[in-house]
Amino acid sequence: MKELRHLMTPLDFSVEELERLFDQAGEIERHLPDFAHMCDGRILATCFYEPSTRTRLSFETAMLRLGGKIIGFADASSSSASKGESVSDTIRVISCFADICAMRHPKEGAAMVAAGRSEIPVINAGDGGHEHPTQTLTDLLTIRSLYGKLSDFTIGLCGDLKFGRTVHSLIHALIRYQGVKFIFISPPELRVPDYITELLAEKGISYEEVIRLDDCLPDLDLLYMTRVQRERFFNEEDYVRLKDFYILDKDKLSRAKQDMHILHPLPRVNEIAVDVDDDPRAAYFPQVQYGLFVRMALIMTLLDMTDDHMNHGLLRW
Ligand code: CP
């Protein structure tokens, strides 16, 4: 039997494996109907202990578009977690029902704990303020599709860089590519964590930290906006003080390069005014579509659909 493979961080895939995944996502985008039966008879479980619109529905749509079926729960209160069941026990149970599981949890490391006890591939769909690897796959595929490359650009990451797990995962992924320059734009309270800047310094990767978006906007090839993560704040007062620190509007955008694309993992709150949505540089809704194709490719990859379509059985021990 093939080794069980999980996705906890974007670094679980080599750069070469990511290239293959993105090529596969591109094939899916171009020939969607050809993939309609790839996962016939397979089941995806979505175990979401935290709210989600895009990630959960995108995973579920991905499996349905591949011909598979879905089970799961959309919040912890409707699962036996509300009665005290551990993540370890839950995944052992889910392993009896499904072929693959996408899990979101408010605690850092929860998906890793699940993977340690699972009989099926587990995908980290966001663990607290830690990582969100499938958002990063989405972001990388979007950047590659927009620019034709994943190297030699200046990216500004703006907003809540402390709690924003999509930012942490994206930085980890981008440091493996040549010539990526990072500009971190945040209020002092929401700076990117030290363990990340220490890693960049260790690897000799160039970065700047600034507070004002206006100062660096003209230098950016790509702007990655994020919302302030209300759910991770310890008090409401701090959140209220910081929530509208950055608002990108049409007027501000006039200072940016004509080919500077804007990404956002969404949900958006106030940090991008709706008048920006019609600007051709706004890429955050197309970004959602790329997320579907890359999750389809990921499900196929983790289920090893290429080599062994028929290796399907519920008794795994
Ligand atoms: N980008 C993202 O993770 O969105 P959701 O929280 O809606 O899944």
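Remember, predicted model here, so these are calculated numbers, not experimental data. In each ligand, atom 1 is the first atom listed, and ligand 1 is the first ligand listed.
- In the hydrophobic clustering of this structure, Leu248 groups with Val210; members are Ile, Leu, Val, Met, Phe, Trp, Tyr whose side-chain heavy atoms approach within less than 4.5 Å, directly or through other members.
- Atom CG in Leu302 sits 7.0 Å away from atom CZ in Arg5 (nearest 0.5 Å).
- Other residues, nucleotides and ligands place more than 12 heavy atoms under 6.0 Å from the CZ atom of Arg227.
- In this structure, Phe245 and Ile211 have side chains that are in contact, with non-hydrogen atoms separated by less than 4.5 Å.
- At least one cation-pi condition fails for Arg104 and Phe48: the charged atom is not both under 6.0 angstrom from the six-membered ring centre and inside a 45 degree cone around its axis.
- Sorted by first and then second residue, the ring-ring contact (aromatic ring centres under 6.0 Å, His included) pairs with a member in residues 61-80 read Tyr49-Phe73; sequence neighbours excluded.
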Inventory of protein N or O atoms under 3.5 Å from ligand 1 N or O:
{"unit_1": "ligand 1", "atom_1": "1 (N)", "unit_2": "Gln135", "atom_2": "OE1", "d": "3.0"}
{"unit_1": "ligand 1", "atom_1": "1 (N)", "unit_2": "Pro265", "atom_2": "O", "d": "2.8"}
{"unit_1": "ligand 1", "atom_1": "1 (N)", "unit_2": "Leu266", "atom_2": "O", "d": "3.0"}
{"unit_1": "ligand 1", "atom_1": "3 (O)", "unit_2": "Thr55", "atom_2": "OG1", "d": "3.0"}
{"unit_1": "ligand 1", "atom_1": "3 (O)", "unit_2": "Arg104", "atom_2": "NH2", "d": "3.0"}
{"unit_1": "ligand 1", "atom_1": "3 (O)", "unit_2": "His132", "atom_2": "NE2", "d": "2.8"}
{"unit_1": "ligand 1", "atom_1": "4 (O)", "unit_2": "Arg54", "atom_2": "NE", "d": "3.0"}
{"unit_1": "ligand 1", "atom_1": "4 (O)", "unit_2": "Leu266", "atom_2": "O", "d": "3.3"}
{"unit_1": "ligand 1", "atom_1": "6 (O)", "unit_2": "Arg104", "atom_2": "NH1", "d": "2.9"}
{"unit_1": "ligand 1", "atom_1": "7 (O)", "unit_2": "Thr53", "atom_2": "N", "d": "2.8"}
{"unit_1": "ligand 1", "atom_1": "7 (O)", "unit_2": "Arg54", "atom_2": "N", "d": "3.0"}
{"unit_1": "ligand 1", "atom_1": "7 (O)", "unit_2": "Arg54", "atom_2": "NE", "d": "3.3"}
{"unit_1": "ligand 1", "atom_1": "7 (O)", "unit_2": "Arg54", "atom_2": "NH2", "d": "2.8"}
{"unit_1": "ligand 1", "atom_1": "8 (O)", "unit_2": "Ser52", "atom_2": "OG", "d": "2.6"}
{"unit_1": "ligand 1", "atom_1": "8 (O)", "unit_2": "Thr55", "atom_2": "N", "d": "2.9"}
{"unit_1": "ligand 1", "atom_1": "8 (O)", "unit_2": "Thr55", "atom_2": "OG1", "d": "2.7"}
{"unit_1": "ligand 1", "atom_1": "8 (O)", "unit_2": "Arg104", "atom_2": "NH1", "d": "3.4"}
{"unit_1": "ligand 1", "atom_1": "8 (O)", "unit_2": "Arg104", "atom_2": "NH2", "d": "3.3"}

